[in-house]
Amino acid sequence: MAYDKNNIFAKIMRGEIPCKKLYEDEFAFAFEDIAPAAPVHVLVVPKGEYKSFDDFSANAPAPLMKGFFAAVQAVAVKMGLADNGYRIISNHGADASQTVHHFHIHILGGRSLGGLLP
Ligand code: AMP
C-alpha cells in the first residue's frame, strides 16, 4: 500500500482539517486526539510521508528520527506528564487496528493507566 497524501493527518498538517494543535517544529506536529482515551491524549506525527512506525523506522533519515522522538518527549513534558508518567503507543497494521495510515504516536496520561492491554 502506497502512502495516501490525503489521509486525515496529512490534511490536518496542511490546515485542510481543523485540529487542536499543541506543538509544531521542523520535524513534528502534535494535536489532541478527537476521541480521547485518557484525560490527556495527544497524537504526534512526523513531517514526511511515512505510513506507520514500521515504515518510519525503516526509511526515515536519522535527523528526522531524532527530531521526531525529541518532539514526542517535549510534548509529554509540555502536557505536564513527565512526573506522574505516561504511555506512548503506536499501532502498525491490521492486527494493531491502525486506522490512520500516517505514522503517529499516541501519548496517553493524566490518570493511572492500568495494565498494558484491556
Ligand atoms: P490509530 O488507530 O492508531 O491509527 O489512531 C488514529 C487516531 O486518530 C484515533 O485515536 C482517532 O481518534 C484519531 N483521529 C481520527 N481523526 C481525527 C481527527 N480529525 N482529529 C484528531 N484525531 C483524530
Side-chain angles (χ1 to χ4, degrees):
M1 178 182 66
Y3 178 85
D4 174 9
K5 290 177 186 291
N6 287 319
N7 73 74
I8 292 170
F9 295 168
K11 288 183 175 180
I12 285 174
M13 280 196 283
R14 290 197 298 265
E16 297 168 11
I17 291 178
C19 73
K20 292 187 178 168
K21 181 175 157 182
L22 297 168
Y23 181 88
E24 183 174 14
D25 64 21
E26 67 183 293
F27 304 109
F29 190 100
F31 51 97
E32 290 182 8
D33 196 293
I34 202 167
V40 178
H41 186 170
V42 179
L43 299 169
V44 190
V45 305
K47 294 189 174 175
E49 298 182 351
Y50 301 98
K51 292 176 287 182
S52 70
F53 173 79
D54 189 76
D55 184 17
F56 185 76
S57 300
N59 298 311
L64 176 57
M65 285 191 195
K66 182 177 179 185
F68 173 72
F69 284 105
V72 173
Q73 188 267 348
V75 170
V77 169
K78 179 177 177 175
M79 299 306 292
L81 300 176
D83 285 346
N84 284 344
Y86 58 91
R87 182 170 293 161
I88 60 173
I89 294 174
S90 190
N91 295 315
H92 163 68
D95 275 2
S97 304
Q98 182 181 1
T99 58
V100 179
H101 296 277
H102 181 114
F103 171 45
H104 52 282
I105 283 193
H106 300 251
I107 303 176
L108 297 152
R111 65 166 168 81
S112 176
L113 297 171
L116 186 58
L117 291 174

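The structure presented is a predicted model; accordingly, all values stated were derived computationally and were not measured.
- Put simply, the side chain of Glu16 never gets that close to the backbone of Lys11: no donor and acceptor are under 3.5 Å apart.
- Atom NE2 of residue His106 and atom CD1 of residue Ile89 lie 6.5 Å apart, to the nearest 0.5 angstrom.
- Lys47 contributes no side-chain N or O that, together with a main-chain N or O of Met13, makes up a donor-acceptor pair within less than 3.5 Å.
- Looking at heavy atoms from C-beta onward, His102 lies out of side-chain contact with Glu49 at the 4.5 angstrom threshold.
- To the nearest 0.5 angstrom, Leu108 atom CG is 7.5 Å from Arg87 atom CZ.
- Ile34 and Phe31 are members of different hydrophobic clusters when ILVMFWY side chains are connected at heavy-atom separations under 4.5 Å.
- Using a distance-only test at 3.5 Å, with no hydrogens or angles considered, no donor-acceptor pair links the side chain of Glu26 to the main chain of Gly67.
- Contact detail for Asp33 and Ala35: the closest heavy-atom pair is OD1-N, 2.8 Å.
- Shown here for Ala28 and Ala71, the closest heavy-atom pair between the two residues is CB-CB, 3.5 Å.
- Here the closest heavy-atom approach between residue Ala2 and residue Lys51 is recorded as C-CD, 3.9 Å.
- Salt bridge Glu32/Lys21: absent, no basic N to carboxylate O contact under 4.0 Å.
- Under a 4.5 Å side-chain heavy-atom criterion applied to ILVMFWY residues, the cluster that includes Tyr50 comprises Leu22, Tyr23, Phe27, Val40, Val42, Val44, Phe53, Phe56, Leu64, Met65, Phe68, Phe69, Val72, Val75, Met79, Leu81, Tyr86, Ile88, Phe103, Ile105, Ile107 as well.
- With a 4.5 Å cut-off on side-chain heavy atoms, Cys19 and Ile12 count as touching.
- In this structure, OG in Ser97 is found 12.5 Å from NE2 in His92, a value given to the nearest 0.5 Å.
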Criterion side-chain contact (heavy atoms from CB on, under 4.5 Å) on Asp4 and His101, from CA distance to verdict: CA-CA 8 Å; Asp4 174 9; His101 296 277; over 6 Å; no
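- Counting heavy-atom neighbours within 6.0 Å of Asn84 CG, excluding the residue itself, gives a total of 12 or less.
- Across Asn6 and Arg14, no two heavy atoms sit closer than the pair OD1-NH2, 3.1 Å.
- Counting heavy atoms from C-beta on, the side chains of His104 and Leu43 come closer than 4.5 Å.
- What you find for Ala38 and Gly109 is that their closest heavy atoms are CB-O, 3.6 Å.
- Side-chain contact between Glu24 and Phe29 is present, with at least one heavy-atom pair separated by less than 4.5 Å.
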